[in-house]
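Structure, as structure tokens:
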Amino acid sequence: MIKKTYTFLHLSTLLAIFISTVLFFVLFQKDVVEYLAQKYLKEYDVEYKHVEGTLFSGVLLKGVKYKNSVEIEELRVGYNLLMLINPAPRLNFINAVGVYVDADRILEMQSKIADESSAAFALNVSKLSINKAKIKYKEEIYSLNLEGSDINFRDKIDIQKIALQAHTPYARISLEGNVKANRARGKSTVLPSENFYHKYLDFLIYTPNELEVTFDMSTKKAEFKTSLKSAVFKDIKSVLLNNLNLNIIYNFNDDFFTLLSDYALLYEGNEVSLEQKSMIMFDGKIDSEIKAKILKDEMGLPFESFTVKIKRDDNITEAVFDAEDITLNVQTKDFKTFLLKAQSIYADLDAKLKTEDNVFTLLGELYLKSDAPYLKEYNLQRFSKLNLFISRTKEKTEANISADIFSLNLFQDEKGVTGVGKAGSSKFDIKGNLNEKYLKIESNIKSLKMLLSELQLGMTDDRVFFDASAGIKAEISFKERVEVNARVDIPWYKLELDSKNTYTGRDAFFEFFYADKEISVKRYAFEVMEHKIYSNKASKIDINENGDIELKEFWVYDNLLVKGALKPADMSADVSIKSDGFNYISDDANVSAKIDLHVGAEDGSLRSVTGDIELLEGVVKYIPKKEYAIGDEDIIIIQDIKDDEKKTFNTELNIRISSLKPIRYKTEEVDVLFTPNLVLYKELNTTMQLLGVLYINSGAVTISQREFKFDESEIYFYDEKYTNPYLNLNLHYYTLDNIDIEIYITNRANSPVIIFSSNPYLSQEDIMSYILFGSSASSAFDTTAKGSKTQLGTLALGAGLKELFNKSANLNIDTLNILTNEDGTLGYEIGKRFSKNIRVVYRNDAISSITLQYALSKSIRVDVDVKETGQGVGIYYIKDFN
């Protein structure tokens with residue numbers, strides 16, 4: 001039994017020694033590694049030049065190749081033998097030097113390898129080091145050094161930490177990150193290559209040159225994000241890009257990468273927010289789209305957003321700018337010469353832009369559109385084509401805009417900008433400094449009518465005549481915003497609506513300030529029919545993006561407030577006119593009134609005026625003008641008051657005129673207190689009516705040093721014949737001997753009925769004698785004598801009547817002669833002319849007669865007499881003796 005036991009132990013010991021010897025030989029013998037490499041690596045198409053090491057601690061392979069896709073100069077693999085026995089073997093390290101990878105071949109074989117692999121492969125590596133590696137991808141070489149730790153290969157790749165130094169055709173990259181499930185993420189520093197910079201970024205100047213980039217890479221795509229605080233366009237250094245965020249996306253199956261960016265663009269106080277999407281091909285082609293929103297606008301652009309589409313190929317770069325009502329197409333081959341084509345609702349532009357040797361030159365043509373808003377009402381035939389020229393260097397800038405009768409020449413250097421603008425025969429002098437951002441414009445226009453005629457911008461209604469001279473002084477500042485300070489002086493103007501309505505004025509002026517689409521009229525003054533209209537109180541006017549005008553505060557005489565809206569597009573208006581104490585002071589009146597009116601207009605015509613005017617107090621001194629009057633006191637022409645032509649313009653009127661207390665009317669001859677209670681009324685397509693009554697409370701009329709006192713009287717207005725009202729006038733004339741002569745005037749103003757009475761009773765002849773001479777007819781004239789005294793009295797009476805009637809109301813006669821009959825009584829002769837050749841004379845002395853006078857020529861007249869005693873015809877020859 002002992003022997004058997006000894007024999008078993010002996011054989012077991014020998015077997016263990018044998019097995020140990022075999023394992024030691026296998027694990028530590030270098031030839032075993034070479035044998036296994038030759039047997040198994042070649043089965044997987046892996047070639048090598050030299051192998052060394054043991055199965056126990058690790059191996060070294062040199063000159064490794066894999067299917068002409070991977071080459072490694074030296075590959076070291078270190079491991080712990082016990083860790084290889086695990087289901088997921090772990091290697092201590094893998095160190096590769098001089099690696100070359102053809103990524104295009106690898107990607108081609110990837111799907112095939114995945115299909116042929118039936119068993120799952122798992123491997124863990126504590127540390128990975130790849131030095132002097134080169135990767136070929138799409139005929140370009142990428143050099144890199146890679147360090148990694150805690151690497152797990154199973155179905156996917158996980159790397160806890162990775163550090164990479166890479167040199168690519170586009171940039172030098174230094175990154176740190178990790179890989180999880182075949183997706184690499186981290187941060188890196190990128191220095192774009194000179195080739196990439198000149199190819200894609202040469203138009204920019206930015207600092208620092210290195211970019212901080214975050215990356216996100218998978219087996220399908222790579223994404224890089226970076227940002228720049230600011231960048232400047234190399235050729236346009238006044239353009240600043242702020243807060244640039246860049247996102248580069250590349251799909252490995254594509255031949256382009258996508259650049260997403262957003263940034264702010266600043267230019268001379270203007271700011272634009274932009275979002276840009278670009279597709280950049282590796283052959284240099286670009287397809288880009290920019291969406292922009294204007295945040296700050298100092299240039300008054302007619303839009304708030306725009307888009308730009310950029311397309312670049314081998315031969316040409318094209319950009320299309322599109323905004324509201326504006327399209328601009330730009331083409332260039334070398335970024336030195338640009339072809340510009342622009343279209344808008346206002347004009348079209350065809351130009352060439354050159355930037356070479358620090359010289360900026362623009363040469364083109366601008367075509368105004370005749371149907372453009374605000375322009376379609378004008379004849380723009382002579383402005384249909386504007387020639388443009390701009391030349392700019394570091395030292396100076398020259399610009400010229402010219403048309404048929406218009407030109408603008410500007411010159412700028414270090415001293416500032418000067419220029420001259422010409423429109424027809426008018427000249428505009430321009431001075432300023434663009435660096436300090438201000439301009440001064442001065443001009444003296446001798447005749448606005450001539451200027452409008454030269455520009456073919458005259459009024460559409462030829463029946464209206466308007467002309468004026470104007471002196472313009474304006475200062476324009478565009479520092480933080482556009483501001484305009486201006487004064488317009490109008491030495492004279494003339495407006496002639498028709499032969500009876502002519503308005504002239506002198507020494508008018510307007511001072512205003514403009515900023516942020518708001519006009520402040522600081523003060524103004526002008527004349528209408530010798531009435532000065534002015535205000536020294538600032539008025540505020542707004543203009544919106546549609547060109548509508550809002551009268552926020554518009555003052556007249558500093559105490560009449562006008563508010564509302566004016567729309568030039570459809571020539572409409574809706575305004576209110578208010579004042580609690582409007583005070584009007586002039587040579588004609590000094591009155592105050594409470595005013596509340598509403599005014600509406602459509603299509604350039606007044607449509608409605610409604611409201612109330614309440615006179616508070618004041619004195620009126622207005623004297624109606626006598627048209628066609630002759631100044632010789634010995635010649636009297638008394639005109640009829642003719643009805644105005646009935647005009648049925650489409651305006652509604654409903655204006656009530658009243659007064660809080662009696663208003664005084666005072667002239668040299670008249671001093672009365674009156675109270676109005678009137679309504680100006682008009683419906684559409686009807687004539688205007690004046691309705692109501694004008695109460696005369698008290699007062700007096702003085703004619704030829706004779707005073708006629710008013711009792712309470714009225715003037716009634718019933719209809720559209722407001723110049724011919726009904727009269728109910730009661731006057732008194734008190735003689736020196738206390739005789740009260742009452743005068744009643746009734747009927748209409750153009751045909752008054754005058755009734756005389758007296759207390760005590762007097763005859764009509766005595767009443768007229770008292771009115772004219774202050775005494776009775778018997779004492780004023782010696783009717784029994786037949787000498788010069790009677791003739792002298794008759795002449796005096798005639799002269800007195802002439803003076804009286806000349807200063808009184810209207811009578812339908814053109815001659816009045818006082819006759820002295822043989823019996824001492826008075827007669828009269830009245831003449832009325834009906835036309836140039838026909839005149840009728842009525843004579844009442846001893847008998848009544850009517851004579852029809854007909855002028856055959858200047859020297860021959862035929863008279864036909866009709867008397868109580870018979871008829872007769874006389875032919876007269878008239879001769880003037882000078």
Side-chain angles (χ1 to χ4, degrees), residues 504 527-532 583-593 615-641 657 659 661-676 678 694-715 722-725 727-736 740-745 749-750 752 754 756 767-775 796-814 816:
T504 61
E527 284 185 356
V528 176
M529 298 179 65
E530 298 184 2
H531 292 274
K532 189 174 183 180
N583 190 19
Y584 175 78
I585 301 175
S586 72
D587 295 337
D588 296 324
N590 183 355
V591 296
S592 61
L615 301 177
L616 302 178
E617 60 180 357
V619 177
V620 178
K621 301 178 181 179
Y622 174 70
I623 301 176
K625 292 183 178 180
K626 297 180 180 180
E627 297 181 350
Y628 314 110
I630 298 177
D632 191 340
E633 294 182 354
D634 295 330
I635 301 175
I636 305 169
I637 298 178
I638 303 176
Q639 281 187 288
D640 293 344
I641 297 179
I657 303 173
S659 69
K661 60 183 181 180
I663 305 301
R664 187 178 185 186
Y665 179 79
K666 182 172 178 24
T667 65
E668 184 178 352
E669 293 86 12
V670 181
D671 187 358
V672 298
L673 293 177
F674 69 92
T675 303
L678 304 170
L694 188 69
Y695 297 98
I696 299 177
N697 304 92
S698 62
V701 177
T702 302
I703 301 176
S704 297
Q705 299 180 354
R706 290 164 180 77
E707 185 181 68
F708 300 85
K709 292 185 178 181
F710 275 99
D711 275 349
E712 290 186 358
S713 303
E714 297 86 23
I715 300 176
Y722 47 86
T723 61
N724 189 22
L727 306 178
N728 184 24
L729 304 180
N730 301 314
L731 297 99
H732 290 266
Y733 172 66
Y734 296 96
T735 68
L736 294 176
D740 179 11
I741 297 176
E742 298 181 58
I743 304 171
Y744 302 95
I745 304 176
N750 71 341
I754 304 175
F756 297 95
I767 290 175
M768 291 297 297
S769 179
Y770 268 109
I771 292 174
L772 295 175
F773 305 108
S775 61
L797 179 60
L801 285 174
K802 281 185 179 183
E803 182 179 4
L804 175 64
F805 288 131
N806 188 34
K807 294 182 178 179
S808 66
N810 305 290
L811 295 174
N812 290 322
I813 58 176
D814 53 28
L816 172 63

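Just so it is clear, the structure is predicted and the values come from calculations on it, not from any experiment.
Taking CG of Leu731 as the start and OG of Ser713 as the end, the distance is 6.0 Å to the nearest 0.5 Å. For the atom pair CZ (Phe708) and CD1 (Ile745), the distance works out to 9.5 Å, reported to the nearest 0.5 Å. Atom CZ of Arg664 and atom CG of Asn590 lie 11.5 Å apart (nearest 0.5 Å).
For Glu707, the side-chain hydrogen bond (donor to acceptor under 3.5 Å, both in side chains) test picks out no residue, with sequence neighbours left out. Shown here are the side-chain contact (heavy atoms from CB on, under 4.5 Å) partners of Asn728, two or more places apart in sequence or in another chain: Glu714, Tyr716, Asn730. Partners of Glu617 by salt bridge (charged side-chain N to carboxylate O under 4.0 Å, His left out), not counting sequence neighbours, listed by chain and number: Lys661. For Tyr744, the side-chain hydrogen bond (donor to acceptor under 3.5 Å, both in side chains) partners at least two apart in sequence or on another chain are Glu742. Shown here are the side-chain hydrogen bond (donor to acceptor under 3.5 Å, both in side chains) partners of Asn583, two or more places apart in sequence or in another chain: there are none. In this view, Ser698 and Leu673 satisfy the side-chain contact (heavy atoms from CB on, under 4.5 Å) rule, not counting sequence neighbours.
With a 4.5 Å cut-off on side-chain heavy atoms, Thr667 and Val620 do not count as touching. Looking at heavy atoms from C-beta onward, Val591 lies out of side-chain contact with Val619 at the 4.5 angstrom threshold.
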Exercise. Could you give me the CA-CA distance, side-chain angles and deciding distance for Asp711 and Ile696, then say whether side-chain contact (heavy atoms from CB on, under 4.5 Å) is met?
Key: CA-CA 8 Å; Asp711 275 349; Ile696 299 177; over 6 Å; no
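Taking all atoms of both residues into account, the shortest heavy-atom contact from Leu678 to Leu694 is CD2-N, 4.2 Å.
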